[in-house]
There are 2 protein chains.
Amino acid sequence: MVENFTPDIVIGRLPLYLRSLQQMEKEKRHTTSSQEIGERLGISAAQIRKDLSQFGEFGKQGTGYDINNLIMELRKILKVDRVWDMAVVGAGDIGSAIARYQGFADRGYRVSMVFDVDPEKIGGRIGAFIVEDMDKIEERIKEKGIEIAMIAVPAAKAQEVSDLLVKSGIKALLNYAPISINVPDIVKVQYIDPVIHLQRMTFYLSI
Amino acid sequence: MVENFTPDIVIGRLPLYLRSLQQMEKEKRHTTSSQEIGERLGISAAQIRKDLSQFGEFGKQGTGYDINNLIMELRKILKVDRVWDMAVVGAGDIGSAIARYQGFADRGYRVSMVFDVDPEKIGGRIGAFIVEDMDKIEERIKEKGIEIAMIAVPAAKAQEVSDLLVKSGIKALLNYAPISINVPDIVKVQYIDPVIHLQRMTFYLSI
DNA sequence: TAGATTGTTAATCGATTAACAATC
DNA sequence: TAGATTGTTAATCGATTAACAATC
C-alpha cells in the first residue's frame with residue numbers, strides 16, 4: 001500500500017494560499033496563476049504548483065486556476081468547508097479580543113464559549129458571550145462536542161488548563177500563553193507568542 | 001572571504017530556546033542540557049547543539065549549559081540585551097490587548113505609543129497610554145527613533161498603514177491584520193493570524 | 001495558431017540526524 | 001575514575017527549484 005503522506009510544511013502553506021485567494025475573490029477577480037499567488041506571498045510558483053499537485057489537478061494549462069474553484073478545493077482539504085465551534089479559556093484582555101474578533105467569519109471558525117475562573121468575570125458579558133465558570137468546562141465542552149480551544153490564561157496556568165482541555169476531549173489547541181505545553185500525540189498544538197516573532201526580526205536589525 | 005551566514009530557520013528557533021531557558025530560570029534551575037531543552041520543545045538535542053554552535057561554544061562537556069549564561073548569550077545574539085520601543089497602530093480590541101500585554105516585560109520589548117484614526121479614540125486612555133492621532137505618526141516615530149511597529153488595523157487598511165510606517169522609518173513590522181503586505185527588502189515582516197494556525201490543525205482533525 | 005501556464009520529473013540544494021572523539 | 005554531554009563531522013534525509021512536455 002502506498003501511503004499518501006503530505007509533509008507538514010506543505011500543509012502549513014495551504015492556509016496562506018487560501019487567504020490570498022479569498023483576498024482576490026474580494027477584489028472580484030476570477031482567475032489567477034501559481035506565479036501571481038507566489039508573488040503575493042513571496043513563494044516560488046513551482047512550489048505552489050507542487051504543493052497543490054499533492055491533492056489533485058486544480059488548474060488548466062494556459063489559463064491557470066479558477067479562484068472560486070480553488071478556494072472550494074482548499075476549503076475541503078483544510079476541512080473548513082464547515083464551521084468549527086471553539087472554546088476560549090481566559091476572559092482577560094487577550095481572551096476578550098479573541099471572543100470579539102471578526103476575522104473568524106468565513107474562514108471556518110467561530111467562538112462558541114468563553115470561560116474564566118474569576119467570580120467577578122463569570123456571568124459577565126464579552127461581546128455576544130456570557131463568561132462561564134471554568135469548573136463547568138469539561139461538562140460544557142463534552143455536551144457541545146467542541147474539539148478546538150484557545151488558551152488565553154497566564155503562562156503559569158497554561159499547562160494545567162491544557163490538561164483539563166485534553167481531558168475534556170479537545171483535539172486542537174491554540175495557545176496564546178508564552179510557554180510550551182505538553183499534550184498527547186493525538187492533540188495538535190499551535191502557538192501565538194508575539195515576542196517570538198519580534199525576536200526573529202530584531203536579530204536582523206542593526207543596533 | 002568566508003560569509004558567516006546563519007539560516008533563517010536557525011534564527012527562528014533561537015527565541016524558543018530563550019523562552020525555555022527563561023522558564024527554567026523561573027523554576028530556579030541552574031544548568032540544563034541540549035536534551036532537556038529538546039524535550040521541552042520537541043526538537044532533537046543534536047539540532048539544538050548544532051544551532052548554538054553557529055554562534056560559539058556555550059556548553060561544557062559532561063555538565064551541559066549554565067542557564068543564566070546561555071540566556072545572556074542568546075539575548076546578545078537576538079539583540080534583546082536591550083529594550084526596544086514599539087508603536088502600536090490601531091486601538092481596537094487587538095491593539096488594546098497588545099498595549100496592555102504584560103508578556104513583553106523582560107523579553108526585550110515595550111510598547112511606547114498607540115495610534116488610531118478615530119477621533120473618538122484619540123486622546124483616550126488604553127492602559128498606560130494616551131491614544132495618539134495617526135496623522136502625527138511619522139513625526140512621532142521619527143522623533144522617538146522607533147524601529148518596530150505592530151499593525152492592528154482592519155485588513156483593508158493594513159497595506160496603507162504599512163506604507164506609512166515604512167516611510168516613517170520602521171524596520172520591523174508585526175502584522176495582526178489577516179493579509180499579506182508588501183514592504184521593501186530592508187524591512188522585516190512577521191504575521192500573526194490565528195486562522196492560519198487553526199487551519200494548520202483542522203487538516204489533521206477527523207470530521 | 002501562438003502564447004501561456006499547468007503538472008511532473010530529475011537535479012540541486014539545504015536541513016537534520018547519527019555517531020563519536022574530546023573532555024568536563 | 002566513570003559517566004555524561006558537548007561540539008563537530010559525515011551521512012542521510014527531505015524540500016525546493018529548474019526545466020519541459022502537455023495542452024488549454
Side-chain angles (χ1 to χ4, degrees), chain A residues 2-18 20-21 24 29-74 76-77 200 203, chain B residues 2-18 20-21 24 29-74 76-77 200 203:
Chain A
V2 179
E3 267 301 338
N4 191 9
F5 171 75
T6 306
D8 208 63
I9 199 161
V10 173
I11 305 305
R13 281 189 294 259
L14 301 183
L16 301 174
Y17 304 161
L18 178 53
S20 276
L21 290 160
M24 292 177 196
R29 305 275 314 288
H30 291 102
T31 58
T32 186
S33 62
S34 57
Q35 180 164 45
E36 193 196 16
I37 303 172
E39 271 163 19
R40 293 203 179 202
L41 293 170
I43 292 176
S44 81
Q47 179 154 88
I48 289 168
R49 293 201 300 277
K50 186 123 208 282
D51 286 352
L52 294 175
S53 75
Q54 297 255 348
F55 301 95
E57 306 192 358
F58 306 125
K60 244 197 209 123
Q61 287 100 324
T63 57
Y65 301 92
D66 178 88
I67 290 171
N68 278 288
N69 179 253
L70 191 49
I71 286 174
M72 219 185 59
E73 295 289 351
L74 283 171
K76 266 192 259 170
I77 294 165
R200 281 172 185 168
F203 172 84
Chain B
V2 178
E3 268 300 339
N4 191 9
F5 170 75
T6 306
D8 209 61
I9 199 161
V10 173
I11 305 306
R13 282 188 294 259
L14 300 183
L16 301 174
Y17 304 161
L18 178 53
S20 276
L21 290 160
M24 292 177 197
R29 305 274 315 286
H30 290 103
T31 59
T32 185
S33 62
S34 56
Q35 181 164 43
E36 193 196 17
I37 302 172
E39 270 163 21
R40 292 203 179 204
L41 293 170
I43 292 175
S44 81
Q47 179 155 88
I48 289 167
R49 293 201 301 277
K50 187 125 207 282
D51 286 351
L52 294 175
S53 76
Q54 297 255 348
F55 301 95
E57 306 192 358
F58 306 124
K60 245 197 208 125
Q61 286 100 323
T63 58
Y65 302 92
D66 178 88
I67 291 172
N68 278 288
N69 180 253
L70 191 49
I71 286 174
M72 219 186 59
E73 295 288 352
L74 284 170
K76 267 191 258 170
I77 294 165
R200 282 172 184 168
F203 172 83

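In this text, all values refer to a predicted model and were calculated from it rather than measured experimentally.
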Checklist entry - Quick one: do B/Arg29 and B/Glu36 make a salt bridge, cutoff under 4.0 Å? => result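 Salt bridge flag = yes for B/Glu36 with B/Arg29.
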Item to check | A/Ser20 and A/Arg40: side chain donor to acceptor below 3.5 Å | outcome: no
What's the shortest heavy-atom distance between [X] and [Y], and which atoms?
X	Y	answer
B/Val10	B/Asp51	CG2-OD1, 3.6 Å
B/Leu74	B/Leu21	CD1-CD1, 3.5 Å
B/Phe58	B/Leu52	CE1-O, 3.6 Å
A/Asp66	A/Thr31	CA-CG2, 4.4 Å
A/Ile77	B/Phe203	O-CD1, 3.3 Å

Checklist entry - Taking a pair as Watson-Crick (N1 to N3 plus N6-O4 or O6-N4) or G-U wobble (N1-O2 and O6-N3), both under 3.5 Å, which stems of 3 or more consecutive pairs involve DNA chain D? => result C:3-24 with D:3-24
Checklist entry - In this structure, are over 12 heavy atoms from other groups packed under 6.0 Å from B/Glu39 atom CD? => result yes
Distance check needed: [N] [atom2] versus [X] [atom1], whole Å only.
X	N	atom1	atom2	value
A/Arg49	D/dT17	CZ	C1'	10 Å
B/Gln47	C/dA19	CD	C1'	17 Å
B/Phe5	C/dC13	CZ	P	15 Å
A/Asp51	D/dA15	CG	C1'	10 Å
A/Leu52	C/dT5	CG	P	16 Å
B/Tyr65	D/dA4	OH	C1'	13 Å
A/Gln54	C/dT9	CD	P	12 Å
A/Ile43	D/dT17	CD1	C1'	14 Å

If you compare every side-chain N and O of [X] against the phosphate oxygens of [N] (OP1, OP2), does one of them come in below 4.0 Å?
X	N	value
A/Ser34	C/dT6	yes
A/Arg13	D/dT16	yes
A/Ser44	D/dT17	yes
A/Ser53	C/dT6	no

Next on the checklist: Checking contacts here: which listed nucleotide (C/dA18, C/dT6, C/dG7) is nearest the side-chain heavy atoms of A/Glu57?
Outcome noted: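 That would be C/dG7.
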Next on the checklist: Taking the minimum atom-to-atom distance to the side chain of B/Ala46, which one of C/dA15, D/dT16, C/dA18 wins?
Outcome noted: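 When the side chain of B/Ala46 is considered, C/dA18 is the closest of C/dA15, D/dT16, C/dA18.
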Checklist entry - At what distance, to the nearest 0.5 angstrom, does CE of A/Met24 lie from CG of A/Leu70? => result 9.5 Å
Checklist entry - Distance from B/Phe55 atom CZ to B/Ile11 atom CD1, nearest 0.5 Å? => result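 Rounded to the nearest 0.5 Å, the CZ-CD1 separation comes out at 4.0 Å.
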Which protein N or O atoms sit under 3.5 Å from an N or O of nucleotides 21-24 of chain D?
{"from": "D/dT23", "atom 1": "O4'", "to": "A/Gln61", "atom 2": "NE2", "distance (Å)": "3.3"}
{"from": "D/dC24", "atom 1": "O4'", "to": "A/Gln61", "atom 2": "O", "distance (Å)": "3.3"}
{"from": "D/dC24", "atom 1": "O2", "to": "A/Gln61", "atom 2": "O", "distance (Å)": "3.3"}

Next on the checklist: Return whichever of B/Phe58 or A/Val10 has its heavy-atom-nearest nucleotide of DNA chain D closer to the 5' end.
Outcome noted: B/Phe58
